[in-house]
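What follows is one structure encoded as structure tokens, with my remarks underneath.
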Amino acid sequence: MSKRIFGRLLTATAALLALSCTPVLSASKADVEAQFEKWVQNDLWPEAQKNGISERAFRASFAGVELNWSLTDLAPPGFPPPKEQKQTQAEFSSPAPYFNEDRLKRLAATGRGFAAQYASALKKIEKTYGVPGSIVLAVWGRETGFGAAKIPNSAIGVLATKAFMSTRKEMFRTELLAALHIIDRGDATPAEFKGSSAGALGQPQFMPTSYLKYAVDFDGDGHPNIWTSVPDTLASIANFLAQKGWQRGRGWGYEVTIPAQVSCAQEGPDLAKPVSHWASLGIVRISGKAFPSNEGKASGMMLVPAGRDGPEFVVTPNFYVIKEYNNSDLYALYIGNLADRIAYGSGAFQGPWGDVGKMLRSDVAAMQKALEKKGYDVGGSDGLPGYKTRRSIGQWQEKNGMKPTCYPEASMIGRLK
């Protein structure tokens, strides 16, 4: 055999070996559905049984359940991995559209109606949990439009799909097992057990593990019902906030004006000071009213969600309790503003939102990493401009002779490298 032919044979053999080592991504949806059925029977059921879930409840929960292919963040076995997308998230980009005035006005008007309709229940809820009815109503309104939002998904279908083939399988497996406990104890039938496309349940949008911790029976029928019972829904929201540390007798915070000579790089719950301290710096409520007398010695925190280019606040620890519901400064501000509209008939924040927040999360993450290398604590390079990132930017700007804005700007990227 000639050397040339032998060389060709070696090349062909190497190519065949390379092909044999390459995974074949030829699974069909039918293949994955079959794998899902085996997973339910051979993997999930034994664990559910060990967790004390009855076979009756398990079989009833999965009757007719199929994979929900319309969900996001799926990674079906045998399919190409999901493409990495550019990191951007509305709640952490341009703030102004988040506070849609027409929607806030509608929610506030509806909320005032419900405040009157459920006045007796809200009074009992506030007495029991210490959370103002306006805050509870604002959360209810923001989450599901006071229960008007359609929640058509089978929560078991969503949770099972994500537990089987999402990018966060373990988390959803835990939530799925919690959901099976809820059905097993008779709080809802599988047909009633509706949730969002993320698996959040009912009118307050609790994940199943949160339901087991915080859902309460307030209408006295023997079990929590966050799907059709308004008293249970409202009390469950209040119980959540109370258990997360809501301080009875205090609100969420105040919109303020921070003088130009006062550094914006002082925000965050770890830099709490008595409200009287902030007032001594010349920080005043934008409404012109004085801070309540009982707030003087109580702790407050500076908050500049868009740096110097947006509304400014002194918030109470209750602001950060609201963030336990949804870990976003803008979400907590939305709840606070909507609650004030319901309780006092107030309107939009008076400070204008500037032209900020157009950077991709990946760009903000690069900025955070650069600040970390310089010794700043930015709270992690996740691309989200939280208070540690904002104040680190302000500190870096001050150190480098710039006027502190305390918010990421594209012009900083080159200077931070």
Side-chain angles (χ1 to χ4, degrees), residues 91 95 98-99 104 107-108 111 126 130-139 141-142 237-238 240-242 244-259 262 264-308 310-353 385-388 390-391 406-407:
E91 291 193 356
Y98 190 80
F99 297 89
L104 274 161
L107 287 174
E126 183 164 358
V131 183
S134 58
I135 292 287
V136 174
L137 287 168
V139 173
R142 179 69 179 84
I237 293 169
F240 176 98
L241 296 172
K244 292 296 185 180
W246 187 274
Q247 294 186 2
R248 187 183 291 262
R250 301 193 72 189
W252 67 271
Y254 310 90
E255 187 181 2
V256 300
T257 300
I258 301 174
V262 177
C264 55
Q266 302 182 72
E267 68 170 319
D270 55 341
L271 295 182
K273 301 283 193 303
V275 172
S276 59
H277 166 80
W278 300 115
S280 73
L281 300 179
I283 296 174
V284 296
R285 292 177 66 181
I286 205 164
S287 65
K289 298 178 181 178
F291 290 104
S293 57
N294 66 317
E295 289 282 321
K297 295 181 180 180
S299 64
M301 302 84 163
M302 181 187 290
L303 178 78
V304 285
R308 282 295 193 176
E312 301 164 334
F313 305 89
V314 168
V315 298
T316 76
N318 288 338
F319 175 85
Y320 294 95
V321 173
I322 296 171
K323 284 186 67 175
E324 293 287 334
Y325 215 100
N326 183 329
N327 189 24
S328 159
D329 286 338
L330 298 187
Y331 176 88
L333 286 171
Y334 194 104
I335 297 302
N337 182 254
L338 179 54
D340 287 351
R341 290 172 188 248
I342 292 170
Y344 312 118
S346 55
F349 295 131
Q350 294 184 44
W353 296 98
Y387 74 88
K388 287 187 176 181
R390 296 193 296 262
R391 76 181 180 200
C406 299
Y407 205 75

Worked verdict on E324 versus F240 for side-chain contact (heavy atoms from CB on, under 4.5 Å): CA-CA 9 Å; E324 293 287 334; F240 176 98; 4.1 Å; yes
Test R391 against D270 for side-chain contact (heavy atoms from CB on, under 4.5 Å), laying out the working first. CA-CA 12 Å; R391 76 181 180 200; D270 55 341; 2.6 Å; yes
Evaluate the side-chain contact (heavy atoms from CB on, under 4.5 Å) criterion for residues L303 and Y387: first the C-alpha distance (whole Å), next the side-chain angles of each, then the deciding distance (0.1 Å), finally the verdict. CA-CA 8 Å; L303 178 78; Y387 74 88; 5.6 Å; no
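Every pair passing side chain to side chain donor-acceptor pair (under 3.5 Å) that includes a residue from residues 336-350 is listed here, sequence neighbours excluded: E101-R341, W252-D340, N337-R341.
R285 approaches P292 most closely through the heavy-atom pair NH1-CD, 4.0 Å. The two residues A265 and C406 have their closest heavy-atom pair at N-SG, 3.6 Å. Nearest heavy atom pair, residue I258 against residue E312, reads N-OE1, 2.9 Å. What you find for P311 and E255 is that their closest heavy atoms are CB-OE2, 3.8 Å. In terms of heavy-atom proximity, L333 sits nearest to P305 at CD1-CG, 3.6 Å. Closest approach of M302 to C264, counting heavy atoms only: SD-O, 3.8 Å.
Every residue was checked against the ring-ring contact (aromatic ring centres under 6.0 Å, His included) condition with W278, not counting sequence neighbours, and none meets it.
The OG1 atom of T316 sits 6.5 Å away from atom CD of Q247, with the distance rounded to the nearest 0.5 Å. With values rounded to the nearest 0.5 angstrom, F349 atom CZ is found 10.5 Å from I286 atom CD1. To the nearest 0.5 Å, atoms CG (N326) and CD1 (I335) are separated by 8.5 Å. Rounding to the nearest 0.5 angstrom, the gap separating the CD1 atom in I342 from the CG atom in L107 is 7.5 Å. Here the CG atom belonging to D329 is positioned 6.5 Å from the OH atom belonging to Y320, to the nearest 0.5 angstrom. In this structure, CG on L281 lies 9.5 Å from NZ on K273, to the nearest 0.5 angstrom.
The shortest side-chain heavy-atom distance between P259 and I283 falls under the 4.5 Å cut-off. Residues P274 and K297 are not in side-chain contact: their nearest non-hydrogen atoms beyond the backbone lie 4.5 Å or more apart.
Side-chain rings of F99 and W353 approach one another, their centers coming within less than 6.0 Å.
No donor-acceptor distance shorter than 3.5 angstrom exists from the side chain of Q266 to the backbone of L271, with no hydrogens or angles considered. In this structure, the side chain of R390 does not engage the main chain of Y407 through any donor-acceptor pair within 3.5 Å.
Tested against Y254 for a ring pair (Phe, Tyr, Trp, His ring centres under 6.0 Å), the candidates F291, F319, F313 yield a single pass: F291.
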